[in-house]
Amino acid sequence: MVPGFSFHVQCVDPCGGARRSVLNTPHGPVDLPAFMPVGTQGAVKGLEVGQLRATGTQMILANTYHLALRPGADVVRDLGGLHRFMGWDGPILTDSGGFQLFSLAQRTQVTEQGAVFRSHIDGREFALSPEQAVAIQEDLGSDVAMVLDHVVSLPNTAEVVRDAAERTIRWARRSLRAAQRRGQALFAIVQGGLDPELRVRCAKQLAEEDFDGFAIGGLSVGEPPEAMYRTLDVTVPAMPPDRPRYLMGVGMPRDLLEAIRRGVDLFDCVVPTRNGRNAMAFTDQGGIKIRNLKYQRDDAPLQPGCPCAACQRSRGYLRHLFMAGEMLGPILLSIHNITYYQRLLAEARAAIAAGQFEAFYQAKIATFDAAAGE
């Protein structure tokens, strides 16, 4: 690994692939498995960094494409880099912009050289090659940079999925040659849709290169959860065991546990904050849609025993905030949901360390199933 980084697997659950490990970075250690809240534009929506720390968050994600457009990577660099710019002193991972090839497909043209976007802000052209994606992330100064990959929607034709995976491998090699910043790790991304042979081939070819970590991309883009789990079953074993494994853009609490069980270490997703802004809170007893009339006089917290700021108030008060259009409502539910995710991952780490992850997993899944059946 590059200077300033190390990765240590401390233990693996005896009943499966779940592993407890630590990723050391220049901005501190990250206990894995870990969840990264998404700060796309240099901010986790509505939350200050002190509030993020209080949720148990150790590492966050920001996005290359969005920050390159606004305010510009050079602006961030001139203001001291992303950590100083945001006021966050912990580890940061930056996505490469590859997901925008999927999410902004109608505004994007992909060639072997790279991608040309039409900015969603003002319509101007923005070119992004593998080399440019690395250079932008080096200006941003994140701890972990991601290679530019080619993400396509699912379902899709075998030819489209194969071409995207093969291009991702070529782009990853170009990214590795372009990387110059000391103290910044570079992670490759495995593509291949739902094709098990293509996923394994992509993973093995990338593993031949000296990347600091390996991600699984192109999932949670329209396929059923069971198809994602089957893809993880074949992909994770083909990834190097001595490097971090990162599942990009996933997901719901059940998805995290299913992936941890298969040996994944790192996650990010907008779900906890997006749902929080839309008045939905995660609890072990299922989702709470706090705008519902039945919570108007409910004096209970969202989740008994939860230490977050939202759970110091009643459900009735939280409902009032949303009904009155008070900005505090989305803030508090975002805090709660991230806290819920971080507590779930902390419990998973403790269960792995105790050799009890399988029992922990079965109990949580039974709780989720019971809540879904109500």
Side-chain angles (χ1 to χ4, degrees), residues 1-5 7 23 25-27 42 61-69 71-78 80-83 85 91-102 104 108-117 119 125-152 163-192 202-218 239-240 243-246 248 266:
M1 301 189 82
V2 298
F5 286 84
F7 174 70
L23 174 65
T25 80
H27 287 88
L61 175 144
N63 183 268
T64 295
Y65 166 83
H66 287 279
L67 290 171
L69 287 183
D74 56 334
V75 174
V76 176
R77 179 198 63 214
D78 293 347
L82 194 52
H83 294 85
F85 188 62
I92 300 174
L93 181 148
T94 42
D95 192 2
S96 64
F99 182 75
Q100 279 66 46
L101 273 66
F102 159 73
L104 301 176
T108 307
Q109 180 181 5
V110 179
T111 68
E112 186 60 28
Q113 177 57 28
V116 178
F117 297 89
S119 166
E125 282 193 355
F126 171 67
L128 188 65
S129 68
E131 294 81 3
Q132 288 166 321
V134 168
I136 291 168
Q137 292 176 88
E138 290 182 343
D139 277 346
L140 295 174
S142 57
D143 297 276
V144 177
M146 303 300 300
V147 302
L148 183 65
D149 60 328
H150 189 180
V151 185
V152 296
D163 286 350
E166 292 175 350
R167 183 171 295 109
T168 292
I169 296 169
R170 294 191 295 270
W171 282 1
R173 290 170 174 155
R174 286 167 56 185
S175 299
L176 192 59
R177 291 194 298 269
Q180 298 181 21
R181 185 184 178 106
R182 288 179 60 83
Q184 184 178 59
L186 184 65
F187 282 20
I189 304 174
V190 178
Q191 291 289 348
C202 185
K204 289 185 174 180
Q205 289 188 38
L206 290 172
E208 294 173 357
E209 308 293 339
D210 191 24
F211 288 103
D212 302 296
F214 294 84
I216 304 164
M239 301 169 77
R243 301 296 162 98
R245 300 163 177 161
Y246 165 31
M248 305 180 75
L266 191 60

Checklist outcome for this item: For Pro26 and Gly183, the nearest pair of non-hydrogen atoms, with its separation, is CG-O, 3.7 Å
Checklist entry - Does the Trp171 side chain pair with the main chain of Ser129, one donor and one acceptor, at a distance under 3.5 Å? => result no
Checklist entry - What closest approach, in Å, do Pro71 and Phe85 show between heavy atoms, and which atom pair accounts for it? => result CG-CZ, 3.9 Å
Next on the checklist: A side-chain contact here means heavy atoms from C-beta on lying under 4.5 Å apart; do Val151 and Gln191 qualify?
Outcome noted: yes
Item to check | Steps toward side-chain contact (heavy atoms from CB on, under 4.5 Å) verdict (Phe187, Asp212) | outcome: CA-CA 6 Å; Phe187 282 20; Asp212 302 296; 4.2 Å; yes
Checklist entry - Which pair of heavy atoms, one from Pro244 and one from Leu23, lies closest together, and at what distance? => result CG-CD1, 4.0 Å
Item to check | His150 side chain to Asp163 side chain, donor-acceptor N/O pair below 3.5 angstrom | outcome: no
Checklist entry - Within a strict 4.5 Å, meaning less than it, do heavy atoms of the Phe211 and Leu176 side chains meet? => result yes
Next on the checklist: Can you give me the closest heavy-atom contact between Ile189 and Ile216, atom names plus distance?
Outcome noted: CG2-C, 4.4 Å
Checklist entry - If every non-hydrogen atom of Pro91 is compared with every non-hydrogen atom of Thr25, which pair is closest and at what distance? => result CG-OG1, 3.3 Å
Checklist entry - Should Arg243 and Asp210 be marked as a side-chain contact (heavy atoms from CB on, under 4.5 Å) after you check the CA-CA gap, both sets of side-chain angles, and the distance that decides it? => result CA-CA 10 Å; Arg243 301 296 162 98; Asp210 191 24; 3.6 Å; yes
Item to check | Value rounded to 0.5 Å, distance of CG in Leu140 from CZ in Arg181 | outcome: 9.0 Å
Run the side-chain donor-acceptor check on residues 92-99: report pairs under 3.5 Å with partners two or more places apart or on a different chain.
{"residue": "Thr94", "atom": "OG1", "partner": "Gln137", "partner atom": "OE1", "Å": "2.8"}
{"residue": "Thr94", "atom": "OG1", "partner": "Ser142", "partner atom": "OG", "Å": "2.7"}
{"residue": "Thr94", "atom": "OG1", "partner": "Val144", "partner atom": "O", "Å": "3.4"}
{"residue": "Ser96", "atom": "OG", "partner": "Gly98", "partner atom": "N", "Å": "3.2"}
{"residue": "Ser96", "atom": "OG", "partner": "Val147", "partner atom": "O", "Å": "2.8"}

Item to check | Heavy-atom pair with the smallest gap, counting every atom of Gly42 and Leu67 | outcome: N-CD2, 3.9 Å
Item to check | Geometric class of the Phe126/Tyr65 ring pair [parallel <30°, tilted 30-60°, perpendicular >60°] | outcome: perpendicular
Item to check | Sidechain-backbone polar pair: Arg182 side chain, Pro3 backbone, donor-acceptor under 3.5 Å | outcome: no
Item to check | Check: His83 and Asp143 side chains under 4.5 Å, non-hydrogen atoms | outcome: yes
Checklist entry - Residues in side chain to side chain contact (heavy atoms under 4.5 Å, CB included) with Arg173, at least two apart? => result Ile169, Arg177, Gln205, Glu208, Glu209
